Amino acid sequence: MLGTRAGACLIGLSLGSLPLSAGPARSLPDRKEAAVRVVSGTRVTAVEGESWLRHLGVPFIGSNMGRVANWGEPPPSYPGQLSSGERPDGDFQLSGADLYRLNCRSCHKADGSGVPPEINSIIGPVQATSAAMIRAQMKQRGAELDAKTVNQLASQAQASLRMRLQNGGERMPPFRHLVPEEVEALLAYLDELAGIPGAEQKQVLLVEPASRIGEHVVKGTCHICHEASGPGLAVSIATSQSIPSLASLPVDRFPYEVIRKVREGVSRPTPMMTSSHGQMPIFSILTPGEVGAAYSYLVRYPPRP
């Protein structure tokens with residue numbers, strides 16, 4: 001049976017002036033002709049299992065994973081920071097830049113540079129998928145490769161990048177929740193981020209329901225540090241602090257509390273708390289509608305052990 005907080009969420013609890021169904025209606029700058037595709041039939045599934053930090057055996061304190069979303073300035077063409085309108089039907093327009101922001105930026109930063117040596121830059125591997133970039137780099141080194149060899153190298157790099165996205169790596173989690181249309185939109189944006197010629201013309205907008213946006217936020221960002229269920233992940237033995245599980249959030253917090261905690265760092269503000277947000281990073285890059293969609297997703301698709 002749903003708790004009072006979760007039940008209130010499902011019957012349309014107001015998030016300030018923003019209803020849970022509202023989502024960003026984004027437009028890409030100088031790309032009025034960008035293709036818009038409706039992604040239908042995607043199966044939304046519950047988040048499950050241990051956090052990625054627990055999976056790696058990495059302590060929350062001392063790791064940059066999931067914590068660098070707001071580091072540095074976004075690239076000039078980054079569209080994810082545009083103001084968003086409300087969609088009363090609950091659908092979101094999602095660009096490749098949005099997919100990057102919801103799934104990748106919390107570890108790889110806005111410019112894709114990461115935090116070496118713990119989190120590698122994605123720019124080099126993406127540039128390696130472009131025959132034009134390979135030729136330019138080899139020319140700088142005073143070497144020439146024939147077209148067949150260059151194309152083979154680019155094709156191998158593309159296959160490796162797709163495999164890494166699907167299966168993860170030694171320290172990178174897999175992103176198996178991404179469907180083919182999302183993968184293509186994300187890769188198109190990565191091309192643009194890496195400066196690959198012609199990438200601007202490949203950008204697309206996807207139309208997806210709020211539950212799917214919530215799944216992106218939870219699986220792509222929150223699950224790095226938050227366990228799906230259980231007592232949560234310990235932050236510090238000395239202070240007995242712990243990171244609450246995702247399953248506990250709709251039970252213990254109202255939607256507006258979660259939204260404020262995620263975006264501003266304070267869930268239950270008091271005069272004594274306004275200057276501190278605790279250990280959790282602030283994700284001001286997420287809109288209230290996106291965080292609300294994540295809350296609703298956790299209610300409708302309860303996390304599993």
Side-chain angles (χ1 to χ4, degrees), residues 37 39 42 49 52-53 55-58 63-66 68-69 72 75 77-78 80 94-204 206 215-216 219-221 223-224:
R37 301 173 185 170
V39 181
T42 301
W52 188 246
L53 289 181
H55 172 78
L56 294 176
V58 174
S63 173
N64 291 304
M65 291 186 180
V68 303
S77 62
Y78 178 64
L94 199 65
S95 68
D98 292 321
L99 286 164
Y100 179 85
R101 179 170 53 85
L102 303 181
N103 290 281
C104 313
R105 182 168 167 175
S106 64
C107 286
H108 286 287
K109 297 171 61 175
D111 61 2
S113 61
V115 190
E118 182 186 22
I119 304 170
N120 292 331
S121 169
I122 62 174
I123 301 302
V126 174
Q127 289 180 340
T129 67
S130 166
M133 297 290 276
I134 294 174
R135 290 192 195 93
Q137 291 173 0
M138 295 305 296
K139 189 174 182 179
Q140 286 182 345
R141 299 172 186 174
E144 294 285 346
L145 294 177
D146 61 88
K148 181 178 179 180
T149 300
V150 169
N151 290 335
Q152 286 180 337
L153 291 173
S155 179
Q156 291 170 359
Q158 289 171 5
S160 177
L161 184 62
R162 289 175 180 274
M163 186 176 298
R164 188 66 176 268
L165 191 61
Q166 173 72 17
N167 299 324
E170 182 180 353
R171 297 180 68 83
M172 175 178 165
F175 287 83
R176 298 192 181 99
H177 61 280
L178 297 178
V179 299
E181 296 94 333
E182 294 166 343
V183 171
E184 296 308 316
L186 176 58
L187 291 178
Y189 176 68
L190 291 180
D191 284 353
E192 182 177 7
L193 194 63
I196 293 178
E200 299 86 354
Q201 282 68 50
K202 297 195 302 181
Q203 306 306 309
V204 297
L206 305 178
E215 185 176 17
H216 283 302
K219 291 184 177 180
T221 297
H223 197 35
I224 294 172

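Predicted model, so just to flag it, every value in this text is computed and none were measured.
For Gln127, the side chain to side chain contact (heavy atoms under 4.5 Å, CB included) partners two or more places apart in sequence, or in a different chain, are Ile123, Met133, Gln137, Ala194. In this view, Leu161 and Val126, Thr129, Leu187 satisfy the side chain to side chain contact (heavy atoms under 4.5 Å, CB included) rule, not counting sequence neighbours. Residues forming a side chain to side chain contact (heavy atoms under 4.5 Å, CB included) with Pro125 (at least two apart in sequence, or on another chain): none. Residues satisfying the ring pair (Phe, Tyr, Trp, His ring centres under 6.0 Å) test with His216, not counting sequence neighbours, are His177. Among residues two or more places apart in sequence or in another chain, the side chain to side chain donor-acceptor pair (under 3.5 Å) test is passed with Lys109 by none. In this structure, the side chain to side chain donor-acceptor pair (under 3.5 Å) partners of Ser63, at least two apart in sequence or on a different chain, are Glu118. Listed by chain and number, the residues in a side chain to side chain donor-acceptor pair (under 3.5 Å) with Ser121 amount to none (sequence neighbours excluded). Not a single salt bridge (Lys or Arg N to Asp or Glu O under 4.0 Å) links Glu181 to another residue, sequence neighbours left out.
Distance CD/Glu215 to OG1/Thr42: 9.0 Å, rounded to 0.5 Å. Leu99 contributes atom CG, which lies 6.0 Å from atom CG of Leu186 (distance to the nearest 0.5 angstrom). Rounding to the nearest 0.5 Å places CG of Leu102 at 14.0 Å from NZ of Lys219. The line from CD1 of Ile122 to SG of Cys104 is 6.5 Å long, rounded to the nearest 0.5 Å.
Inter-residue side-chain proximity for Val58 and Arg171 is flagged as met; some heavy-atom pair is nearer than 4.5 Å. In this structure, the side chains of Leu56 and Met65 come closer than 4.5 Å at one or more pairs of heavy atoms. At least one side-chain heavy atom of Leu165 sits under 4.5 Å from a side-chain heavy atom of Leu178. Two residues are said to be in side-chain contact when any heavy atoms from C-beta on lie closer than 4.5 Å; Ile134 and Asn151 fail this criterion. Residues Met138 and Glu144 form no side-chain contact, since every pair of their non-hydrogen atoms from C-beta on lies 4.5 Å or further apart. Between Ser106 and Ile224, some side-chain heavy-atom pair lies under the 4.5 Å cut-off.
In terms of heavy-atom proximity, Tyr100 sits nearest to Leu190 at CD1-CD2, 3.7 Å. Annotation for Asp98 and Leu94: closest pair CB-CD1, 3.4 Å, computed over non-hydrogen atoms. Shortest non-hydrogen contact noted between Leu193 and Ala110 is CD1-O, 3.7 Å. In this structure, Gly49 and His223 approach most closely via the heavy-atom pair O-CE1, 3.2 Å. Closest non-hydrogen pair, Ser130 versus Ala154, comes out as C-CB, 4.2 Å. In terms of heavy atoms, Tyr189 sits closest to Gly96 at CB-C, 3.6 Å.
Listed by first and then second residue, the ring-ring contact (aromatic ring centres under 6.0 Å, His included) pairs involving residues 102-158 amount to none (not counting sequence neighbours). Residue pairs meeting the salt bridge (charged side-chain N to carboxylate O under 4.0 Å, His left out) criterion with at least one partner in residues 122-137, sequence neighbours excluded, do not occur; the list is empty. The side-chain hydrogen bond (donor to acceptor under 3.5 Å, both in side chains) contacts involving residues 154-170 comprise Arg162-Glu184, where partners must be two or more places apart or lie in separate chains. Pairs engaging residues 131-161 under the ring-ring contact (aromatic ring centres under 6.0 Å, His included) rule: none recorded [sequence neighbours left out].
With a 6.0 Å radius and a threshold of 12 heavy atoms from other residues, nucleotides or ligands, Arg176 has its CZ atom above the threshold.
The closest donor-acceptor contact from the side chain of Glu192 to the backbone of Ala188 lies at 3.5 Å or more, if one exists at all.
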